[in-house]
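The chain is numbered in sequence order, starting from 1.
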Amino acid sequence: MEVESVVGANANSNALLDDDGKARRTGTVWSASAHIITAVIGAGVLSLAWAMAQLGWILGTTSILIFAGVTLYTSNLLADCYRSPHPVTGKRNHTYMEAVKAHLGGRMHMICGLIQYSNLVGIAIGYTITTSISVVTIVKNNCMKKHNGSEADCHFSNNPSIIGIAIAEIFLSQIPNFHKLSWISFLAAIMSFGYAFIGIGLSLTIIIQGKGKSTSLFMGKTGQSSSENIWNMLVALGNIALANSYAQISIDIQDSLKSTPAENKVMKMANSIGIITMSIIFLLSGGAGYAAFGEDTPGSILNTTGNEHVWLVYMGNVFIIIHILGAYQVLIQPFYHIVELLVSQRWPSSNFINKEYFVGIGKIQFSINLFRLIWRTIFVVVASVLAMAMPFFNDMLALLGAIGFWPLAVYFPIQMIIVKRNIRKGTMPWIGLQSLSLVCMIVSIAAACAAIHGLGQALGKYKPFMYKA
């Protein structure tokens, strides 16, 4: 093993640098699309069949399409805000906070950062919970197989699986930045297609066998009170919002793209590819799952037990585990980046914070930074401990979706584009944009209230660190 100590990186030629002095970016429309698909076809897609069961066919399908349309429109607005003042030749904004600061000024970027990074931390916790549920599902199905389908002796704590996931994430967290994550995104995107279509196939098999349950064109379960139906509908809208949301990492993805063709044009193409792909899979997954399980649709269609096609459940959950291990790193990178950037600016001469150690083992080469090693490890451990304390799936997803969707995916892109294009107050474009923002804000607040209501009920049922599935 050879270890070489290097402080910083000196470019030998301007050909190796972009216009901001950083190493030349190599991202393409396909790497950006993979990042988007990795982000959106994640934990959220598994809950869409449950969301459809709460909303019914008409409202469920309409909600998925409307959220997809809003996300595509506002994501394209955000793509034009990567550079300022001109969307092609202006100064780069490397983070969402920088884009908000450049366009809106004042303290708005601080509010944006608080919402963005707290949302990303919440998603990391949610992903840890989701992955542990998939591990427990495999173990539980295997146990029931040994006990002739009896579930009585097959209840397992999520804690051991969360510890195992944390160990894996600690290793993966040492990948330094988005530019080094492309291979993980491509692998995770393949896995997401795999488990999404396994879930769809499993549902279709049940339907073809004539075992599908009754469904409804309109809202709710017949055995529940009207108030409970309304709460569940709002939670379902929060789940759909989360499933569509990737604004938290959109600027970071765009910052990985080559400057030719123009980044905003490439990002808009990636947005279209990602969201069209997402919508097709969401409709298939949600629709097939609801048609198969009806009112009894579980929170995640691959987290069922006692299924006669248990090998599909095994395979689907293995794909989920691999996908979310990668998606965790893709989604948390902006949070890692901002913490390390702020610390580096605060102590620019510290070797502990800034020195990179390049390590070679045969043909494999990688870099180690002591601060990155320690602080990212601490973050993964804290997120995992919180996941053990809060193993609540659907309500947690709904709360994360509600908190992040309106401000990050709608409000800030709309306010920035109003400033960038100098849209005058009171004109039809201004009224249209602000009306869209207002409607999305109302939906987000309602979904957040429902999620908090559900979490309150869940906290009354389960003791922290004692949950067994």
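Side-chain contact between Leu257 and Arg25 is absent, with no heavy atoms from C-beta onward closer than 4.5 Å. Residues Ser192 and Ile37 are in side-chain contact: their nearest non-hydrogen atoms beyond the backbone lie under 4.5 Å apart. Between Thr28 and Ser31, some side-chain heavy-atom pair lies under the 4.5 Å cut-off. The closest side-chain heavy-atom distance from Ser245 to Leu408 is not below 4.5 Å. Between Val382 and Phe379 there is no side-chain heavy-atom pair separated by less than 4.5 Å. In this structure, Ile162 and Val385 have side chains that are not in contact, with every pair of non-hydrogen atoms separated by 4.5 Å or more. A heavy-atom distance below 4.5 Å is found between the side chains of Ile418 and Gln434. Counting only heavy atoms from C-beta outward, the side chains of Leu436 and Tyr73 approach each other to under 4.5 Å.
Remark: the backbone N or O of Gln248 is paired with a side-chain donor or acceptor of Gln116 at under 3.5 angstrom. At least one donor-acceptor pair closer than 3.5 Å links the side chain of Asn354 to the backbone N or O of Pro348. Without hydrogens or angle criteria, Ser437 side chain to Leu433 main chain gives no donor-acceptor distance under 3.5 Å. Using a distance-only test at 3.5 Å, with no hydrogens or angles considered, a donor-acceptor pair links the side chain of Gln254 to the main chain of Ala79. Without hydrogens or angle criteria, Asn93 side chain to Cys81 main chain gives a donor-acceptor distance under 3.5 Å. Side-chain atoms of Asn369 come within 3.5 Å of backbone atoms of Phe371 as a donor-acceptor pair (strictly under, hydrogens ignored). Remark: side-chain polar atoms of Ser173 are paired, donor with acceptor, to backbone N or O of Ile170 under 3.5 angstrom. For Thr427 (side chain) and Ile423 (main-chain N/O), no donor-acceptor pair under 3.5 Å exists by modelled atom type. When atom types are taken as modelled, the side chain of Thr89 and the backbone of His86 share no donor-acceptor pair closer than 3.5 angstrom. Put simply, the side chain of Thr74 gets close to the backbone of Ala409: a donor and an acceptor are under 3.5 Å apart.
Donor-acceptor pairing under 3.5 Å is recorded for the side chains of Asn271 and Tyr246. Asn141 and Tyr314 are not linked by any side-chain donor-acceptor pair at a separation below 3.5 angstrom, with hydrogens and angles left out of the test.
Considering only residues two or more places apart in sequence or on other chains, Glu340 meets the salt bridge (Lys or Arg N to Asp or Glu O under 4.0 Å) condition with Arg376. The salt bridge (Lys or Arg N to Asp or Glu O under 4.0 Å) search around Glu263 returns Arg83, Arg92, not counting sequence neighbours.
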Exercise for review: Test Thr377 against Gln174 for side chain to side chain contact (heavy atoms under 4.5 Å, CB included), laying out the working first.
Suggested key: CA-CA 9 Å; Thr377 299; Gln174 297 311 304; 4.2 Å; yes
Exercise for review: Kindly determine whether Met315 and Ile320 satisfy side chain to side chain contact (heavy atoms under 4.5 Å, CB included), including the steps that lead there.
Suggested key: CA-CA 9 Å; Met315 188 183 299; Ile320 291 169; over 6 Å; no
Practice item. List the steps, then state whether side chain to side chain contact (heavy atoms under 4.5 Å, CB included) holds for Leu325 with Glu169. Key: CA-CA 7 Å; Leu325 286 174; Glu169 294 293 6; 3.3 Å; yes
Practice item. Please test Met416 against Asp80 for side chain to side chain contact (heavy atoms under 4.5 Å, CB included), starting from the C-alpha separation and ending with a verdict. Key: CA-CA 9 Å; Met416 286 193 288; Asp80 283 335; over 6 Å; no
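The minimum heavy-atom distance between Ser33 and Ala270, with the atom names listed, is OG-CA, 3.5 Å. The shortest non-hydrogen separation linking Ala68 to Ile275 is O-CG2, 3.7 Å. The two atoms that bring Leu120 and Ile249 nearest to each other are CD2-CG2, 4.2 Å, heavy atoms only. Shortest non-hydrogen contact noted between Ser63 and Leu237 is OG-CD2, 3.6 Å. Among all heavy-atom pairs drawn from Ala387 and Thr128, the shortest one is CB-CG2, 3.7 Å. Contact detail for Ala166 and Ser384: the closest heavy-atom pair is CB-OG, 3.2 Å.
At most 12 non-hydrogen atoms from other residues, nucleotides or ligands lie less than 6.0 angstrom from CH2 of Trp30. Few gaps surround CE on Met441; more than 12 heavy atoms of other groups in view lie less than 6.0 Å from it. Applying the 6.0 Å contact sphere to NZ of Lys265 captures no more than 12 heavy atoms from other residues, nucleotides or ligands. Heavy-atom contacts from other residues, nucleotides or ligands closer than 6.0 Å to CZ of Phe171 number 12 or fewer. Annotation: Lys101, atom NZ; neighbour count of heavy atoms from other residues, nucleotides and ligands within 6.0 Å does not exceed 12.
Distance check, rounded to the nearest 0.5 Å: CG of Leu72 to CG of Leu77 gives 9.5 Å. Atom CZ of Phe405 sits about 5.0 Å away from atom SG of Cys440, to the nearest 0.5 Å. If you take CD1 on Ile276 and CD1 on Ile281, they are separated by 12.5 Å, rounding to the nearest 0.5 Å. The structure places CD1 of Ile417 at 12.0 Å from CG of Asn422, a figure rounded to the nearest 0.5 Å. To the nearest 0.5 Å, atom NZ of residue Lys355 and atom CG of residue Leu370 are 9.0 Å apart. Remark: His103 NE2 to Ser84 OG distance equals 4.5 Å, nearest 0.5 Å.
Partner of His323 under the ring pair (Phe, Tyr, Trp, His ring centres under 6.0 Å) criterion, chosen from Phe186, Tyr328, Phe193, Tyr195: Tyr195. Among Asn76, Asn244, Ile66, the one residue that satisfies the side chain to side chain contact (heavy atoms under 4.5 Å, CB included) test with Thr71 is Asn244.
Taking the ring centroids of Trp375 and Tyr336, they lie under the 6.0 Å cut-off.
Taking the six-membered ring where tryptophan is involved, the planes of Trp406 and Tyr411 are tilted, since the angle between them lies from 30° to 60°. Between Phe335 and Tyr117, the ring-plane angle classifies as tilted under the 30° and 60° cut-offs.
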